[in-house]
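Structure first, then comments.
We number each residue from 1, following the sequence as shown.
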Amino acid sequence: MTATDHAIELVHAAARAASEKLATKIIAFDVSEQLAITDAFVLASATNDRQVKAIVDEIEDKLREIGAKPIRREGERDGRWVLIDYGDVVVHVQHEEERQFYALERLWRDCPSIKLPADVTSNER
């Protein structure tokens with residue numbers, strides 16, 4: 001089983017939104033083989049708490065435009081690691097320090113990556 005077309009659409013929209021707010025290290029994984037609760041993860045980093053919140057707001061706005069509403073959101077108050085659950089897709093926006101410490105991409109490295117659109121830039125520093 002692989003991620004659905006709808007999940008891929010949400011991944012691309014979330015990645016584009018994160019890129020527009022200058023998120024770094026934007027990647028996506030198809031976790032549908034490993035998890036029954038979601039098809040894909042999107043990971044993005046930010047340099048500070050304010051940027052984490054700006055990226056989260058942009059992702060929510062862009063996904064709302066295509067009819068997606070989050071089921072739940074966690075970590076927004078602290079602004080260090082915000083998780084937005086859309087059912088088919090879970091978006092993780094992390095402060096760079098949390099990204100390095102928790103290393104989610106290492107945990108999910110056996111899952112296939114999802115190719116992101118060409119207009120998504122990871123803004124590597």
Side-chain angles (χ1 to χ4, degrees):
M1 191 170 157
T2 60
T4 65
D5 291 341
H6 182 254
I8 300 297
E9 177 188 11
L10 295 178
V11 164
H12 288 176
R16 280 189 177 109
S19 178
E20 287 175 18
K21 290 298 178 181
L22 306 178
T24 59
K25 301 176 191 162
I26 304 166
I27 59 173
F29 291 105
D30 180 338
V31 296
S32 60
E33 292 284 327
Q34 305 296 324
L35 296 174
I37 58 172
T38 192
D39 283 353
F41 280 169
V42 176
L43 309 177
S45 296
T47 56
N48 59 58
D49 302 359
R50 176 178 261 153
Q51 187 185 18
V52 168
K53 291 177 182 180
I55 293 166
V56 167
D57 289 345
E58 186 72 10
I59 290 169
E60 288 183 335
D61 289 347
K62 296 297 184 188
L63 269 63
R64 191 177 307 108
E65 288 176 11
I66 60 172
K69 294 180 182 168
I71 296 168
R72 69 186 170 126
R73 182 182 316 116
E74 295 181 11
E76 192 168 32
R77 189 172 37 156
D78 296 332
R80 303 286 296 177
W81 177 356
V82 179
L83 178 148
I84 317 165
D85 183 353
Y86 286 94
D88 292 341
V89 174
V90 176
V91 180
H92 300 266
V93 181
Q94 297 176 298
H95 190 286
E96 288 177 352
E97 292 169 4
E98 273 68 12
R99 179 82 177 258
Q100 289 176 358
F101 183 78
Y102 290 102
L104 294 180
E105 53 267 61
R106 194 167 19 112
L107 293 173
W108 299 103
R109 70 175 171 245
D110 293 337
C111 295
S113 62
I114 296 173
K115 185 171 174 44
L116 299 177
D119 59 341
V120 172
T121 58
S122 282
N123 301 304
E124 294 295 328
R125 292 197 177 135

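Cluster partners of Leu35, using a side-chain heavy-atom cutoff of under 4.5 Å among ILVMFWY residues and allowing indirect links, are Ile27, Phe29, Val31, Ile37, Phe41, Leu43, Trp81, Leu83, Val90, Phe101, Tyr102, Leu104, Leu107, Trp108.
Among pairs with a residue in residues 103-115, those fulfilling salt bridge (Lys or Arg N to Asp or Glu O under 4.0 Å) read Arg99-Glu105, at least two apart in sequence or across chains. Counting only residues at least two apart or on different chains, the salt bridge (Lys or Arg N to Asp or Glu O under 4.0 Å) pairs with a member in residues 40-50 are Asp49-Arg80. Residue pairs that meet the ring-ring contact (aromatic ring centres under 6.0 Å, His included) test with at least one member in residues 44-66, sequence neighbours left out, do not exist here.
Rounding to the nearest 0.5 Å places CD of Glu20 at 10.5 Å from CD1 of Ile59. In this structure, Ser32 OG and Gln34 CD are separated by 8.5 Å, a value rounded to the nearest 0.5 Å. Taking CD from Glu9 and CG from Leu63, the interatomic distance works out to 8.5 Å, rounded to the nearest 0.5 Å.
Minimum interatomic distance between Val82 and Gly75 (heavy atoms only, all atoms of both residues): CG2-O, 3.7 Å. Counting all heavy atoms, side chain and backbone alike, Lys21 lies closest to Ala54 at CG-O, 3.9 Å. The minimum heavy-atom distance linking Ala40 with Ile114 is given by the pair CB-CD1, 3.7 Å. The two atoms that bring Ile8 and Ala3 nearest to each other are CD1-CB, 3.9 Å, heavy atoms only.
Checking side-chain atoms of Asp30 against main-chain N and O of Thr2 turns up no donor-acceptor pair under 3.5 Å. Between the side chain of Thr38 and the backbone N or O of Asp88 there is at least one donor-acceptor pair closer than 3.5 Å. Gln51 contributes a side-chain N or O that, together with a main-chain N or O of Thr47, makes up a donor-acceptor pair within less than 3.5 Å. Checking side-chain atoms of Ser45 against main-chain N and O of Glu96 turns up no donor-acceptor pair under 3.5 Å.
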| said: Ile66 vs Leu10, test: side-chain contact (heavy atoms from CB on, under 4.5 Å). Steps then yes/no. | reply: CA-CA 9 Å; Ile66 60 172; Leu10 295 178; 3.8 Å; yes
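Qualifying side chain to side chain donor-acceptor pair (under 3.5 Å) partners for His12, counting only residues two or more places apart in sequence or in other chains: none. Contacts of Glu58 classified as side chain to side chain donor-acceptor pair (under 3.5 Å), with partners at least two apart in sequence or in another chain: none. Partners of Ala15 under the side-chain contact (heavy atoms from CB on, under 4.5 Å) rule, at least two apart in sequence or in another chain, are Ile26, Leu116, Val120. For Glu74, the side chain to side chain donor-acceptor pair (under 3.5 Å) test picks out Arg72, with sequence neighbours left out. Residues passing the salt bridge (Lys or Arg N to Asp or Glu O under 4.0 Å) test with Arg73 are Glu60, Glu76, sequence neighbours excluded. Contacts of Asp57 classified as salt bridge (Lys or Arg N to Asp or Glu O under 4.0 Å), with partners at least two apart in sequence or in another chain: none. With sequence neighbours excluded, no residue forms a salt bridge (Lys or Arg N to Asp or Glu O under 4.0 Å) with Asp5. Annotation: side chain to side chain donor-acceptor pair (under 3.5 Å) contacts of Gln100 (sequence neighbours excluded): none.
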